[in-house]
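Counting convention: from 1, in listed order, for ligands and their atoms alike.
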Amino acid sequence: MIVFTDLDGTLLDHSSYDYAPALPTLDRLRRAGIPLVLASSKTAAEMVPLRRELGFETCPLICENGAGVVAPGETGDEIAGPYSDLRKALDKVDPPLRICFEGFGDMEPARISEVTGLPLDQALLAARRAFSEPGIWTGSDTERDAFLAQLSYQGITARHGGRFLTLSFGATKADQMAHITAEMSRSVTISLGDAPNDADMLRAADYAIVLPNAQGHPVEVAEDGGARVLRAALSGPAGWNAALGDLLTELGVTD
Ligand SMILES: [Mg+2]
């Protein structure tokens, strides 16, 4: 068995980022030796300290929305992802289109703090990109299509989520989930998530635990797909704890 979990609004409370209500089930996973793979849009720099705090350093983690993986024990500092290649590709785009995209790499830390709503110290961690470049699009939809076409010639794909247009060389949370599951030789997969950017990871699992979305953007996972879909009654870490705890019991994991 292996568990993949989103962070914000799933394992972490949407506003306080607290995970204390999830501690009983986190303890059960650790005692049973079941790997927990954190999977988020956050950067390695933001996620590695949490992985250590939770006691799952022996597990890989999925960062930047599936664009990258941090191996067990890696601190995140030594990661040489393709970020500089992304920035070089941006430099090759026609200047009138290029100026319509304000990437994190174009922003001062204070500006990143402003657009993400993160305090400055956390904005600095969010700015430490290795695999993907989020940014704000200020041009028209037609210009955006032309911009993305020029990037796609260079192997770059884009995803829209909330305020940001995020560029990467592809790979989703589900792609990374498949690699990790095979690498760790696990046969039963459980995924937990609360938002549309978790949908592929939920659909790819044997058991998908869907948490209520605090911002009113529920995730749709078809009941007739491969996954058995379970819906948590509570949002955030309390729902995470109860729904995953019940499933572990059903699957015969001793308390
Ligand atoms: Mg979330």
Just checking, any donor-acceptor pair under 3.5 angstrom between side chains of R28 and T249? yes
For residues 36-51, which residue pairs pass the salt bridge (charged side-chain N to carboxylate O under 4.0 Å, His left out) check, not counting sequence neighbours? D8-K42
Look at R98 together with D106 and state whether they make a salt bridge at an N to O cut-off of under 4.0 Å. yes
Checking salt bridge (Lys or Arg N to Asp or Glu O under 4.0 Å) against E64, which of R129, K173, R159, R128 comes through? R129
Let's test this: below 2.8 Å, count the protein N/O/S atoms around the Mg ion (ligand 1). 3
Under a 3.5 Å distance rule, please check whether T189 uses its side chain to pair with a backbone N or O of A205 as donor and acceptor. no
Below 4.5 Å, heavy atoms only, C-beta onward: do M177 and I2 meet side chain to side chain? no
